[in-house]
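Scope of the values below: all heavy atoms of this structure, side chains included, with no hydrogens, waters or symmetry mates. Note that ligands are numbered from 1 as they come in the structure, with each ligand's atoms numbered from 1 the same way.
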Amino acid sequence: MSVRRSVIVGCGSYLPQKVLTNHDLAKLVDTSDEWIVERTGIRTRHIAAEGEFTSHLATKAAQRALQAAGLKAGDVDLIVLGTTTPDETFPATATRVQEQLGMTRGVAFDVQAVCSGFIFSLAVADNFLRLGQAETALVIGAETFSRILDWSDRSTCVLFGDGAGAVVLRAEQATGTSQDRGVLTTKLHSDGRQHDLLYASGGVSSTKTAGVVRMDGPKVFKHAVEKLADVVHESLADAGLGASDVNWVVPHQANRRILAGVSKKLGIEDDKVIVTVDHHANTSAASVPLALTEAVQDGRIKPDDIVVLEAMGGGFSWGAAVVRM
Ligand code: ACO
């Protein structure tokens, strides 16, 4: 049976120049390098400069992804951007990226699923491509999370950073089996009952402000390990694959201990898990494409590899995608 699949033909990422170390943070709040490294695995994070917005990070990542794919902005007919930290309340930051790329056709919009934003955006773009509503898509995760942190709250401000990552998806004809290249399946979930465990303390409609991140870390941690392991299982089963078929897991980079907990539950060896949280911390929707790009560029992830992408964030929202590269 001939089907359409969304094939990843290029990826790229961008981190702002300014680096903030754990030692720098220890001068701001009552914390230490030892505590942060032991509890999270994070050593440094990047912080966007004044006047550097989410769209600027997203555009740089998108340009690098297009270059890796050997394509131009004019080849793209869909931009889906996962972000929680838009440049403005409206219009969609994706349209700012569209303009900055010099793209004058197609459609661009944002998806809001916090740390799961890239997985949700990938699922949306994949559905557009498989339905024939677009041929070439830029899927981007980009955040300036530093702008919604309470820099006096040590339980959250040490965990996050800014950055962007992007992939180019192209529709290709395929056979409809797990031997195909491209996105083999996506599985998404949300549960609004868990709002109070992770949210921003403001919003346009409620307080007319952006608010700051509020989180019950230990409870989020417990939910994250369970839900991520479950959704990876679910997506592999849907793709007709098992844990032993997985070459690489590219998880949302929140906390090294969450990554270890998930791989243990899945019975997947730690050395198959891409870990980049140490040098960019939790960049929310940007973290999965940042980690993916790093592992593709350094040659760990190779064509034909089975890669599982997974993420969880506020809402709660969570999801996974199984991709043959
Ligand atoms: N420096 C030093 N001490 C700290 C810090 C800090 N930065 N932050 C908290 N502490 C203290 C606490 O006050 C507490 O002190 P107490 O024992 O005197 O009360 C102690 O450290 C232990 O705090 P816990 O919160 O129990 O520490 P835990 O081991 O759970 O680690 C952490 C906290 C890192 C936040 C962890 O719970 C976590 O990573 N949770 C997941 C959160 C997350 O990643 N969220 C991102 C969005 S969702 C997602 O991406 C999956």
Looking only at side-chain N and O atoms, does [Y] offer a donor or acceptor that is under 3.5 Å from a partner on [X]?
{"X": "Ser146", "Y": "Asp162", "value": "yes"}
{"X": "Ser55", "Y": "Gln100", "value": "yes"}
{"X": "Glu143", "Y": "Thr85", "value": "yes"}

Considering only the protein, which heavy-atom contact is closest to [atom], and what is its distance?
{"atom": "atom 13 (O) of ligand 1", "answer": "Arg154 NH2, 3.0 Å"}
{"atom": "atom 1 (N) of ligand 1", "answer": "Thr31 OG1, 2.6 Å"}
{"atom": "atom 44 (O) of ligand 1", "answer": "Ala254 CB, 3.5 Å"}

Look at [X] together with [Y] and state whether they make a salt bridge at an N to O cut-off of under 4.0 Å.
{"X": "Arg154", "Y": "Asp30", "answer": "yes"}
{"X": "Arg324", "Y": "Asp304", "answer": "yes"}
{"X": "Glu234", "Y": "Lys227", "answer": "no"}

(message) Give the atom numbers and elements of ligand 1 that come within less than 4.0 Å of a heavy atom of Arg39.
(response) 22 (C), 27 (O), 28 (P), 29 (O)
(request) Check each atom of ligand 1 against the heavy atoms of Val158 and keep those under 4.0 Å away; list them by number with element. (result) 7 (N)
(message) Check for me whether Thr40 has a heavy atom closer than 4.0 Å to any atom of ligand 1.
(response) yes
Please state which option from [options] has its nearest heavy atom closest to [atom].
{"atom": "atom 20 (C) of ligand 1", "options": "Trp318, Trp35, Phe145", "value": "Trp35"}
{"atom": "atom 42 (C) of ligand 1", "options": "Met215, Glu38, Met312", "value": "Met215"}
{"atom": "atom 25 (O) of ligand 1", "options": "Pro218, Ala224, Gly217, Cys115", "value": "Pro218"}

Per-residue contact class, [X] against ligand 1 - non-hydrogen pairs under 4.0 Å:
{"X": "Leu198", "value": "side chain"}
{"X": "Asn282", "value": "side chain"}
{"X": "Asn255", "value": "side chain"}

(message) How about CZ on Arg105, more than 12 heavy atoms from neighbouring residues, nucleotides or ligands closer than 6.0 Å, or not?
(response) yes
(message) Just checking Arg256: does its CZ atom have more than 12 heavy atoms from other residues, nucleotides or ligands closer to it than 6.0 angstrom?
(response) no
(message) Under 3.5 Å between any N/O of His252 and any N/O of ligand 1: does that happen in this structure?
(response) yes
(request) Quick one: closest heavy-atom pair of Asp150 and Thr156, and the distance? (result) O-OG1, 4.4 Å
(request) Look up atom 16 (P) of ligand 1 and tell me if a protein heavy atom lies less than 4.0 Å from it? (result) no
(request) Might you check, step by step, whether the distance between atom 28 (P) of ligand 1 and some protein heavy atom is under 4.0 Å? (result) yes
(request) I would like to know whether Arg257 and Thr40 meet side-chain contact (heavy atoms from CB on, under 4.5 Å); could you show each step before the answer? (result) CA-CA 6 Å; Arg257 285 158 55 221; Thr40 71; 5.8 Å; no
